[in-house]
Amino acid sequence: MQGGSGQNSGSIDKTRVLDVKPLRTLEPVFPNSGQATSFDGACPTGFYSFFPFGASQGPQASPPRVPMPTPLRSFRSSDTGEAEFPGASNGENTDSHAAPNKSKSSKKKPKISQDLQVDVSSLLGIGKNEREDGNRELVILLLMTFDGLRRRISQLEDSKELTLGLSKRADMRAGNILMSAGIRTNMRKRIGAVPGVEIGDIFFFRLELCIVGLHSQSMGGIDYTNMGAKNESDPVALAIVSSGKYNDNTEESDILIYSGQGGDKGDDQKLERGNLALDRSLRQKNDVRVIRGMKDQMSSTSKVYIYDGLYKIQDSWVEKGKSGGGVFKYKLVRVPGQPRAFAAWKSIERWKAGIASRTGLILADLSSGAEKIPVSLVNDVDDEKAPGYFTYLHSLRYSKSFIVSNPYDCCNCQKDCIPGDLNCSCIRRNEGDFPYTGNGILVSRKKLVHECGPSCQCFPNCKKRVSQTGLKYRMEVFKTKDRGWGLRTLDPIRAGTFICEYAGEVIDRAKVSWNGNNDEYVFDTTRIYHPFKWNYEPKLFEEAGLNDSSEDYNIPSPLIISAKNVGNVARFMNHSCSPNVFWQPVSYEENSQTVVHISFFALRHIPPLTELTYDYGITRSDSTVSQSTPRWKKKCLCGSSKCRGSFG
DNA sequence: GGAACCTCAAAGAA
DNA sequence: CTTCTTTGAGGTTC
């Protein structure tokens with residue numbers, strides 16, 4: 001039964017591998033797709049301008065690739081037959097084969113690290129200098145690379161295509177692949193700020209902190225070093241992660257009471273290691289980076305970490321702990337003059353709880369109940385009272401003529417669609433991949449993501465209906481300083497999270513008047529979009545044996561949506577040349593017709609109060625647009641270092 | 001749905 | 001090179 005699509009997916013994989021250019025293609029710089037060549041932007045550098053692209057040519061062109069000893073991914077197709085890896089015995093218990101290092105190296109530790117055959121770190125532009133000292137682009141690149149790997153591993157684990165007999169820890173495996181390949185930065189230990197990491201940045205895994213060099217202990221709460229202290233033999237504290245475990249909270253968000261480490265069995269904590277470092281830093285008065293961890297309100301199981309900037313240790317004492325032993329306490333006070341981070345979160349909590357009022361609040365719910373959670377309208381910049389009139393609609397309005405494809409077979413899954421179950425027609429339609437991870441995070445970009453719809457047999461809470469559940473995060477429409485109204489989030493958002501769809505009326509191309517600003521509030525998939533890679537380096541995935549579903553960058557499905565008269569929050573999202581949101585066509589069946597929607601997903605982690613932006617693309621200057629109308633452009637005010645100057 | 005417990009872990013320091 | 005230290009995050013149970 002799995003035969004058909006199993007083979008199918010196998011062949012898809014092959015094309016994909018072939019499709020992966022041996023060189024880091026630097027898409028934006030040297031466009032290699034038809035779509036990209038028509039891009040006429042002046043400075044299409046995207047994130048990766050720092051790549052020494054000459055270097056990317058070298059390492060792979062010449063040395064023939066030695067195949068991975070045992071690619072993790074080798075079992076993907078092995079359950080439909082061992083053709084690909086005759087050596088692998090049958091699918092079921094992959095464990096003994098999946099960890100080849102287990103038998104080779106010491107008995108206890110099944111080492112999962114991969115020795116990558118190709119120096120992927122240099123493909124990513126990470127040389128010795130970058131490993132030592134970071135910069136903003138590198139930090140963003142690394143975080144995105146990490147999460148792309150993590151999502152892919154998670155996806156494979158969910159569909160049982162990847163098991164190592166270990167607990168499901170995609171974060172650790174992704175981290176391990178990067179760390180062992182030297183794909184990391186800021187390894188040089190330093191007191192104070194870390195280049196490329198900004199106050200307010202958020203993280204969802206401890207390993208992310210390691211990779212960007214903010215806090216190098218993978219678990220330990222106190223990062224310290226022996227270098228840099230006045231007295232050479234003494235350690236100094238560099239960074240702490242306050243996990244909330246020890247009741248570190250105080251009422252004032254600029255003060256942190258931090259507990260020392262050790263002594264959990266009722267013993268007294270000792271003045272050694274991290275505790276000693278904190279003690280010495282108290283005397284030396286050096287800056288200590290503080291990362292505050294707290295529960296992620298969206299998923300009770302996971303945690304969010306926020307970098308709250310520099311603190312100084314002001315005091316320390318010993319208290320009796322819960323289990324009777326002495327516990328060191330350290331009082332940390334935030335260095336003044338830094339941007340608000342943790343404190344801002346606290347304020348948001350109070351607004352959301354209705355304890356404190358929001359300055360400039362005009363409307364508590366712009367959607368008038370159309371969304372399940374309120375969308376506030378705020379202006380603390382000037383006295384404009386509201387954006388132009390429109391009707392709030394949470395989804396698409398379309399007429400019959402725009403429905404392109406025919407209805408398809410809905411799946412017959414009981415309750416939930418199970419990742420890896422190729423009997424599910426909706427999964428088959430996604431080339432055998434379950435497009436989302438268990439907690440509803442998009443794994444990679446596709447031409448089209450197929451979701452289950454109302455006629456599918458699975459329950460409405462099936463994990464393949466991510467984009468049909470409306471807003472989940474608190475959003476705020478707000479007046480920007482110079483770009484009219486904008487949209488921002490009040491909640492932290494993880495990379496890959498569905499944010500909202502572009503709601504409005506599906507319209508005919510002829511109805512769009514292209515002169516003047518009449519196409520404001522129009523979304524058009526046929527514009528020319530700045531190509532970008534979300535899961536950056538296909539080579540890395542391939543090397544790690546993960547067969548990256550090399551992402552589709554050519555997104556078809558011509559669709560024009562006008563949100564001028566009716567629409568949702570998406571109509572307020574502004575353009576940016578280095579955006580934090582991207583769009584993705586998603587289809588599902590409604591009223592016996594397949595309808596394509598445009599869904600927005602978080603490109604990277606987005607801290608609260610950050611404006612949400614996506615790339616508007618460029619109007620195609622082809623025959624469908626009247627030649628008499630001059631193409632207009634708007635001056636871009638996105639303020640990004642990669643700004644292309646204009647858009648539209 | 002969520003607290004309370006259990007378990008296997010990775011990286012750096014020693 | 002090994003051992004030790006740390007506690008994160010997923011799983012299970014009630």
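No hydrogens, no waters, no symmetry mates; every other heavy atom, side chains included, goes into these values.
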- Message: How many whole angstroms separate atom CG of A:Leu238 from atom C1' of B:dG12?
- Response: 12 Å

- Message: Donor-acceptor pair, distance only, cut-off 3.5 Å: does the side chain of A:Trp534 make one with the backbone of A:Gly148?
- Response: no

- Message: Taking any heavy-atom pair under 4.0 Å as a contact, classify A:Asp223: base, sugar-phosphate, or nothing.
- Response: nothing

- Query: Between A:Asn176 and B:dA9, does any side-chain N or O lie under 4.0 Å from OP1 or OP2?
  - Reply: no

- Respond yes when some side-chain nitrogen or oxygen of A:Tyr305 is under 4.0 Å from OP1 or OP2 of C:dA9, and no when none is. yes

- Query: A:Arg273 CZ to C:dT6 C1': how many Å, rounded?
  - Reply: 9 Å

- Taking the side chain from A:Asn286 and the backbone from A:Ala237, do they hold a donor-acceptor pair closer than 3.5 Å? yes

- Where each residue is assigned the nucleotide of DNA chain C containing its nearest heavy atom, which of A:Met219 and A:Thr301 is assigned the position nearer the 5′ end? A:Met219

- Euclidean distance, atom CD of residue A:Glu208 to atom P of C:dG8 [Å, nearest integer]: 15 Å

- Message: Using OP1 and OP2 only, check whether a side-chain N or O of A:Arg184 sits under 4.0 Å from B:dG12.
- Response: yes

- Answer yes or no: is there a donor N or O on one side and an acceptor on the other, between the side chain of A:Asn186 and the main chain of A:Val212, under 3.5 Å? yes

- Query: Is A:Lys352 paired with A:Asp491 through a side-chain N to carboxylate O contact shorter than 4.0 Å?
  - Reply: yes

- Note on the structure: The residue, A:Gly220 or A:Arg206, whose nearest nucleotide of DNA chain C is more 5′ is A:Gly220

- Item | Nucleotide C:dG11, atom P - distance to CZ of A:Arg169 in whole Å | 10 Å

All N/O pairs under 3.5 Å across the protein-nucleotides 3-5 of chain B interface:
from  : atom 1 : to       : atom 2 : distance (Å)
B:dA3 : OP2    : A:Lys295 : NZ     : 2.9

- Note on the structure: Winner on side-chain proximity to A:Met172, out of B:dA11, C:dA9, C:dG8, is C:dG8

- Task: Find the distance A:Met187:CE to B:dA13:P and express it as a whole number of Å.
- Result: 10 Å

- Quick note, A:Ser218 side chain, CB onward, closest among B:dA14, C:dA9, B:dA11 is B:dA11

- Per atom distances to the A:Lys189 side chain, the nearest of B:dA11, B:dA13, C:dA9 is B:dA13

- Query: Can you check the A:Ile240 CD1 to B:dG12 P distance for me, whole Å?
  - Reply: 19 Å

- Message: Between A:Arg136 and A:Asp201 (salt bridge meaning N to carboxylate O under 4.0 Å), is one present in this structure?
- Response: yes

- Task: Using modelled atom types only, decide if a donor and an acceptor are shared between the side chain of A:Gln314 and the backbone of A:Lys331 within a distance under 3.5 Å.
- Result: no

- Query: Is the closest side-chain donor-acceptor distance between A:Ser347 and A:Arg340 under 3.5 Å?
  - Reply: yes

- Message: If only side-chain N and O atoms count, and only distance matters, is there a donor-acceptor pair under 3.5 Å linking A:Ser259 with A:Lys329?
- Response: yes

- Using whole Å, report how far NZ of A:Lys270 lies from C1' of C:dT5. 11 Å

- Query: In whole Å, what is the span from the CZ atom of A:Phe204 to the P atom of C:dG10?
  - Reply: 12 Å

- Item | From B:dA14, B:dA11, C:dG10, nucleotide with atom closest to A:Asn226 side chain | B:dA14

